[in-house]
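Worksheet: one structure, shown below.
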Amino acid sequence: MLQIANIRKNAEELAARIAIRGLEGKSLIAQVLEMDEKNRAKRTEMETLQSKGNQLTSQIGEMYKSGQREAGDALKAESAEIKEQLKSLEMEVEAADQSLVQLLLTIPNTPSTEVPMGKTPEDNLEVLLWGNKPDLSAQSLPHWELAAKYDIIDFELGVKLTGAGFPVYKGKGSIFQRALIQFFLNEAGKAGYMEVQPPLLVNADSGYGTGQLPDKEGQMYHCGVDDLYLIPTAEVPITNLYRDVILNESQLPIKNAGYTPCFRREAGSYGAHVRGLNRLHQFDKVEIVQIVKPETSYGVLEDMSKYVQGLLQKLGLHYRVLLLCGGDMGFTSAKTYDMEVWSAAQEKWLECSSVSNFETFQTNRLKCRFRNSEGKTELAHSLNGSALALPRIVAALLENNQTPEGIKVPDVLVPYTGFDWIN
RNA sequence: GGUGAGGUGGGUGAGUGGCUUAAACCACCAGUUUGCUAAACUGACGAACGGGAAACUGUUCCGGGGGUUCGAAUCCCCCCCUCACCGCCA
């Protein structure tokens, strides 16, 4: 959620930035400002009356204490009248504030000025291309056929147990996936991220904190009996560690990494493009999160992007980096890079990481602040990224490294798997 | 699930109707001392929102919601959560 104080101060700039998403920034901001002005007038009116009422009650108290009981009683009527007036005024102010918040909740984050204009994925900017397409023989198989051939991932079994989108990893497939997780966590540790194991179920407050609620309620699995949500990403529990917190400037930057399964309903997305590991209801992911000082956040975004790319390079994957355009960016993000790996047998790019700077959009909801050098509280900036999401990495590795003899395990993973071939 | 105790500022924790403008201690911050760190001492120190160029000032907030009262952290009702013990159990 955008900060109202910031909108007052930088109305024009923010309107222009919203327009990068292809929205009517100017009229939206104008609407907010108009409502805000009305609300403040109401608030002033209410507070003046409250002040008057407070003075009166202390007067009455004084009179009682000095024995002027009758004089005190005489003022009670006036006090009661003020109280009556206040009742409706307070309700008006609350309703006014509520409707302003409702309006603000509909406004997405303001893209950074470097974000390209555009509405569709075609308008995303390819900022980097690394490596080359692997040269596969004509008999190359897509990963779901490889999974069956070597009996390492069983999609049918998952359907029996749960439903589509819940695969069962078996034998070397299971070990391979565990090796990747371990590799990613160790790399994150080396890069200075503190590992955390958060809960996989979160309450509604946490959902609101990172912005999954109320907009994306339908994307999360909900346990009705206990009113808890299965996390769609570790971003939710990890970022919410810092909800309602005032940090010390010296604690920043905070760098956390965590591995969790992720659960997504993905309602309405079926068909060929969700085949195999391409889109699942349950998948594993290592997530990195940073809470930083505002002036450093864009530098940190570049660092995180480089870090994620380093993982892809160590795995020897052909990938590209996209700077998402305004229209394709998530609601809460100010600037996002997507990393896509080349899936050689499917001959298409698969998104395997998304690294974003949220500026104060999340921290405003989270009330995640730090005490700056002037001793004032200030909202921190939050960022996160996948490092990495497992299924599409597994898919790309299986497809790109396939040979007639089997699937070659990347060298960096061998210490974790204990074998160098899946065959 | 049963019984009991409790939720107060960054933390510990006092506070049973108006001098609470929330004590005290700790932490954080600034300064003095100091080769450096530490210790000691001194000082400042809750948050959000509004008004004001600023100094400053107003309002709200003691788990959440309602109520009693001229006046509520304090009394009453409902809800939520935490802790302890018991039961069940990986």
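Throughout, protein chains are lettered first and strands after them, A, B, ... in sequence-line order, and every chain is numbered starting at 1. Treat the numbers as computed from the prediction; the structure is a model and nothing was measured. The figures here come from the full heavy-atom set of this structure, side chains too, leaving out hydrogens, waters and symmetry mates.
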Pick the [atom1] atom in [N] and in [M], then give their distance to the nearest Å.
N	M	atom1	result
B:U42	B:U33	C1'	11 Å
B:U59	B:U21	C1'	14 Å
B:A72	B:G18	C1'	10 Å
B:A47	B:A39	C1'	33 Å
B:A40	B:G51	C1'	44 Å
B:C29	B:A44	C1'	8 Å
B:C62	B:G6	C1'	14 Å
B:G66	B:G71	P	16 Å

Subject >> Candidate pair A:Tyr319 and A:Glu340, rule side-chain hydrogen bond (donor to acceptor under 3.5 Å, both in side chains), full reasoning >> reply: CA-CA 5 Å; A:Tyr319 70 87; A:Glu340 298 186 334; over 6 Å; no
From the options [options], select the nucleotide whose nearest atom is closest to the side chain of [X].
X	options	answer
A:Ser51	B:A48, B:C70, B:U59	B:U59
A:Ile60	B:G10, B:G58, B:C70	B:C70
A:Tyr64	B:G18, B:U59, B:G51	B:G18
A:Thr57	B:G18, B:G51, B:U59	B:G18
A:Glu47	B:A47, B:U59, B:C70	B:U59

Please determine whether a side-chain nitrogen or oxygen atom of [X] lies at a distance below 4.0 Å from atom OP1 or OP2 of [N].
X	N	answer
A:Arg8	B:G50	yes
A:Arg371	B:A47	yes
A:Lys83	B:G71	yes
A:Asn54	B:U60	yes
A:Thr44	B:U59	no

Euclidean distance, atom [atom1] of residue [X] to atom [atom2] of [N] [Å, nearest integer]:
X	N	atom1	atom2	answer
A:Leu86	B:G71	CG	P	11 Å
A:Glu94	B:U60	CD	C1'	12 Å
A:Asp244	B:G64	CG	C1'	14 Å
A:Leu49	B:G50	CG	P	20 Å
A:Lys87	B:C70	NZ	C1'	14 Å
A:Gln3	B:G50	CD	P	12 Å
A:Asn364	B:C49	CG	C1'	13 Å
A:Met91	B:U60	CE	C1'	18 Å

In the strands shown, is [N] matched to any nucleotide by a Watson-Crick or G-U wobble pair with both distances under 3.5 Å, and which?
N	value
B:U59	B:A48
B:G43	B:C29
B:G18	B:C70
B:C36	none
B:A84	B:U3

**OP:** Specify the residue among A:Ser79 and A:Asn248 whose closest nucleotide of RNA chain B lies further upstream toward the 5′ end.
**Re:**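 Nearest nucleotide further toward 5': that of A:Asn248.
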Original post:
More 5' along RNA chain B: A:Thr48 or A:Thr377, using each one's nearest nucleotide?
Top reply: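 The residue closer to the strand's 5' end, by nearest nucleotide, is A:Thr377.
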Subject >> Among A:Lys87, A:Lys42, A:Arg43, salt bridge (charged side-chain N to carboxylate O under 4.0 Å, His left out) partner for A:Glu92 >> reply: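 Option passing the salt bridge (charged side-chain N to carboxylate O under 4.0 Å, His left out) with A:Glu92: A:Lys42.
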**OP:** Kindly determine whether A:Ser333 and A:Asn357 satisfy side-chain contact (heavy atoms from CB on, under 4.5 Å), including the steps that lead there.
**Re:** CA-CA 6 Å; A:Ser333 177; A:Asn357 184 0; 5.9 Å; no
Original post:
Should the ring pair A:Tyr307 and A:Tyr193 be called parallel, tilted or perpendicular, given that the plane angle runs from 0 to 90° and is split at 30 and 60?
Top reply: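 Ring orientation of A:Tyr307 relative to A:Tyr193: tilted.
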Original post:
What class does the angle between the rings of A:Phe331 and A:Phe361 fall in, given that below 30° is parallel, 30 to 60° is tilted and above 60° is perpendicular?
Top reply: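 Ring orientation of A:Phe331 relative to A:Phe361: perpendicular.
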Original post:
Are any side-chain N or O atoms of A:Ser305 and backbone N or O atoms of A:Leu301, one a donor and one an acceptor, separated by less than 3.5 Å?
Top reply: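 Pair absent, no side-chain N/O of A:Ser305 close to backbone of A:Leu301.
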Original post:
Below 4.0 angstrom, N of the basic side chain to O of the carboxylate: do A:Glu359 and A:Lys335 qualify?
Top reply: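 Answer for the salt bridge query: no.
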**OP:** To the nearest 0.5 angstrom, please state how far the CD1 atom of A:Ile288 sits from the NZ atom of A:Lys255.
**Re:**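 If we round to the nearest 0.5 Å, A:Ile288:CD1 and A:Lys255:NZ are 8.5 Å apart.
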Original post:
Roughly how far apart are A:Ile393 CD1 and A:Leu350 CG, rounded to 0.5 Å?
Top reply: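 Separation between the atoms: 9.0 Å.
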**OP:** Could you check A:Arg17 against A:Ser112 for side-chain hydrogen bond (donor to acceptor under 3.5 Å, both in side chains), going step by step and ending with a plain yes or no?
**Re:** CA-CA 7 Å; A:Arg17 287 172 62 179; A:Ser112 145; 5.8 Å; no
Original post:
For RNA chain B, what residues of residues 195-207 of chain A have any heavy atom nearer than 4.0 Å?
Top reply: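 Close to the strand, none.
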